[in-house]
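Single-structure report; data block below.
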There are 2 protein chains.
Amino acid sequence: MGRGIEGASFEGTGYSYTLSLIRGKHKMSILYCLMEYQPVRFNEMRRYLGGVSDRTLSRSLKELEADGLVARREYPQIPPRVEYSLTERGASLMEVLDLLCVWGERNRPGD
Amino acid sequence: MGRGIEGASFEGTGYSYTLSLIRGKHKMSILYCLMEYQPVRFNEMRRYLGGVSDRTLSRSLKELEADGLVARREYPQIPPRVEYSLTERGASLMEVLDLLCVWGERNRPGD
DNA sequence: CTGGATCCAGAGTGATACTG
DNA sequence: CAGTATCACTCTGGATCCAG
């Protein structure tokens with residue numbers, strides 16, 4: 001038992017949890033946008049991201065909010081106004097993610 | 001142009017490149033397995049990962065190899081013997097990814 | 001043993017139209 | 001403005017069969 005390869009020891013590790021948070025085509029872009037421009041409104045973010053549908057952006061934001069990375073603040077007025085920003089947890093994740101960015105810049109194929 | 005949110009400034013950054021390398025349900029498990037047990041043979045890895053099909057494992061390894069993270073060594077014999085291991089590039093990525101793991105452990109919901 | 005080829009299921013995403 | 005509902009499509013991964 002000390003040397004074999006029997007089970008998936010990866011399941012349930014911090015890796016998989018962290019990665020699950022940013023899974024999704026636009027999650028990183030959203031967090032990045034938040035980091036730079038927060039607080040940001042819904043359509044403002046849509047414009048920033050370029051080609052994202054309402055549905056996808058809405059869903060992604062909900063998930064990020066449920067995961068405690070993004071804070072949503074709603075103002076009871078007409079027309080509606082909702083502002084999104086990073087939570088502390090979200091900000092701390094971005095610090096770690098920034099290291100991925102650095103690695104990526106240094107190890108891109110072109111270099 | 002100095003203050004607006006007009007374009008997707010995220011595209012093409014190191015984030016997206018790095019994340020693209022580990023996109024895929026089993027990529028991380030594979031790299032993790034390699035890190036611990038390299039060199040590892042095909043079926044050995046399959047056992048380690050638990051429920052992965054030949055096709056998926058094969059495809060993932062090819063991609064990782066194409067991305068320069070995994071080295072494949074083939075021995076011309078019958079039956080075939082192929083060993084996989086991490087490249088230096090792969091190993092350096094794992095160091096960064098380990099930080100994600102640490103963050104994940106500290107920020108899991110249960111804590 | 002190491003995969004390639006083919007077919008299939010499910011998740012994720014986009015387009016469009018509509019609501020409060 | 002800030003979403004929701006519906007439908008369609010793509011993409012990933014799994015199952016199975018087959019070849020060197």
Side-chain angles (χ1 to χ4, degrees), chain A residues 4-5 8 10-11 16 19-34 37-67 69-85, chain B residues 4-5 8 10-11 16 19-34 37-67 69-85:
Chain A
I5 299 182
F10 171 78
E11 307 299 337
S16 58
L19 254 22
S20 75
L21 298 183
I22 56 179
R23 190 177 306 157
K25 189 171 178 183
H26 301 286
K27 288 269 183 77
M28 277 301 311
S29 311
I30 291 170
L31 292 173
Y32 191 83
C33 173
L34 250 20
Y37 302 109
Q38 63 181 320
V40 184
R41 300 179 59 174
F42 190 86
N43 277 317
E44 203 177 1
M45 206 176 303
R46 231 165 77 83
R47 252 172 280 131
Y48 175 82
L49 298 177
V52 183
S53 61
D54 296 345
R55 180 186 176 285
T56 300
L57 179 55
S58 175
R59 241 179 62 99
S60 300
L61 283 170
K62 264 190 186 170
E63 289 173 11
L64 289 169
E65 193 191 351
D67 289 329
L69 300 176
V70 166
R72 183 194 129 105
R73 181 163 184 184
E74 188 174 354
Y75 299 84
Q77 59 186 43
I78 303 291
R81 175 191 186 83
V82 178
E83 285 181 352
Y84 292 93
S85 51
Chain B
I5 299 183
F10 170 77
E11 306 299 337
S16 57
L19 289 175
S20 75
L21 299 183
I22 55 178
R23 190 180 306 155
K25 188 171 178 183
H26 301 286
K27 290 269 184 78
M28 276 301 308
S29 311
I30 292 170
L31 293 172
Y32 191 83
C33 172
L34 249 20
Y37 302 108
Q38 64 181 322
V40 185
R41 298 181 61 175
F42 192 85
N43 275 319
E44 205 175 1
M45 207 177 302
R46 232 165 77 84
R47 253 172 281 133
Y48 175 84
L49 298 176
V52 182
S53 64
D54 296 344
R55 179 189 175 280
T56 301
L57 179 55
S58 175
R59 242 178 61 98
S60 300
L61 282 169
K62 262 192 188 171
E63 289 173 10
L64 289 170
E65 193 190 352
D67 289 329
L69 301 177
V70 166
R72 184 195 131 107
R73 178 161 185 186
E74 187 173 353
Y75 298 84
Q77 58 186 43
I78 302 294
R81 174 194 186 82
V82 180
E83 285 180 352
Y84 294 90
S85 51

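Residue numbering restarts at 1 for every chain, and letters A, B, ... go by the order of the sequence lines.
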Protein-to-nucleotide contact annotation, 5' to 3' order, nucleotides 6-20 of chain C [B base; S sugar-phosphate only; - none; under 4.0 Å, heavy atom]: B------BBB-B--B
Axial bend angle, the helix from C:dC1-D:dG20 to C:dG20-D:dC1: five-pair end segments, nearest 10°: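 Comparing the first five pairs with the last five, the axes sit 40° apart.
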Roughly how many Å is it from [atom1] in [X] to [atom2] in [N], rounded to a whole number?
X	N	atom1	atom2	answer
B:Ile30	C:dG3	CD1	P	12 Å
B:Phe42	D:dA19	CZ	C1'	14 Å
B:Leu64	C:dG3	CG	P	13 Å
A:Leu61	D:dG3	CG	C1'	11 Å
B:Met45	C:dC1	CE	C1'	14 Å
A:Asn43	D:dA2	CG	P	5 Å
B:Arg46	C:dG4	CZ	P	14 Å

A:Glu74 and A:Arg72 ion-paired at < 4.0 Å: yes
Could you tell me whether the side chain of [Y] reaches within less than 4.5 Å of the side chain of [X], counting heavy atoms only?
X	Y	value
A:Val52	A:Ile30	no
A:Val70	A:Glu63	no
B:His26	B:Leu57	no

Between A:Glu83 and A:Tyr75, a side-chain donor and acceptor under 3.5 Å: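 Their side chains do contain a donor-acceptor pair, which is all the 3.5 Å distance test asks for.
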Does [X] reach the main-chain N or O of [Y] with its side chain, forming a donor-acceptor pair under 3.5 Å?
X	Y	result
A:Arg41	A:Arg81	no
B:Lys27	B:Arg23	yes
B:Ser60	B:Thr56	yes

Proximal nucleotide (of D:dG3, C:dG3, D:dC1) relative to the A:Arg41 side chain: D:dC1
Under 4.0 Å from OP1 or OP2 of [N]: is there any side-chain N or O of [X] that close?
X	N	answer
A:Tyr84	D:dG3	yes
A:Lys62	D:dT4	yes
A:Ser58	D:dG3	no

Nearest heavy-atom neighbours spanning A:Leu21 and A:Leu64: O-CD2, 3.9 Å
Taking every non-hydrogen atom, the tightest pair across B:Ser85 and B:Gln38: CB-OE1, 3.1 Å
Parallel, tilted or perpendicular: ring planes of A:Tyr84 versus A:Phe42, cut at 30 and 60 degrees: tilted
Strand-adjacent residues in residues 69-78 of chain A, judged by heavy atoms under 4.0 Å from DNA chain C: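 DNA chain C contact set from residues 69-78 of chain A: none.
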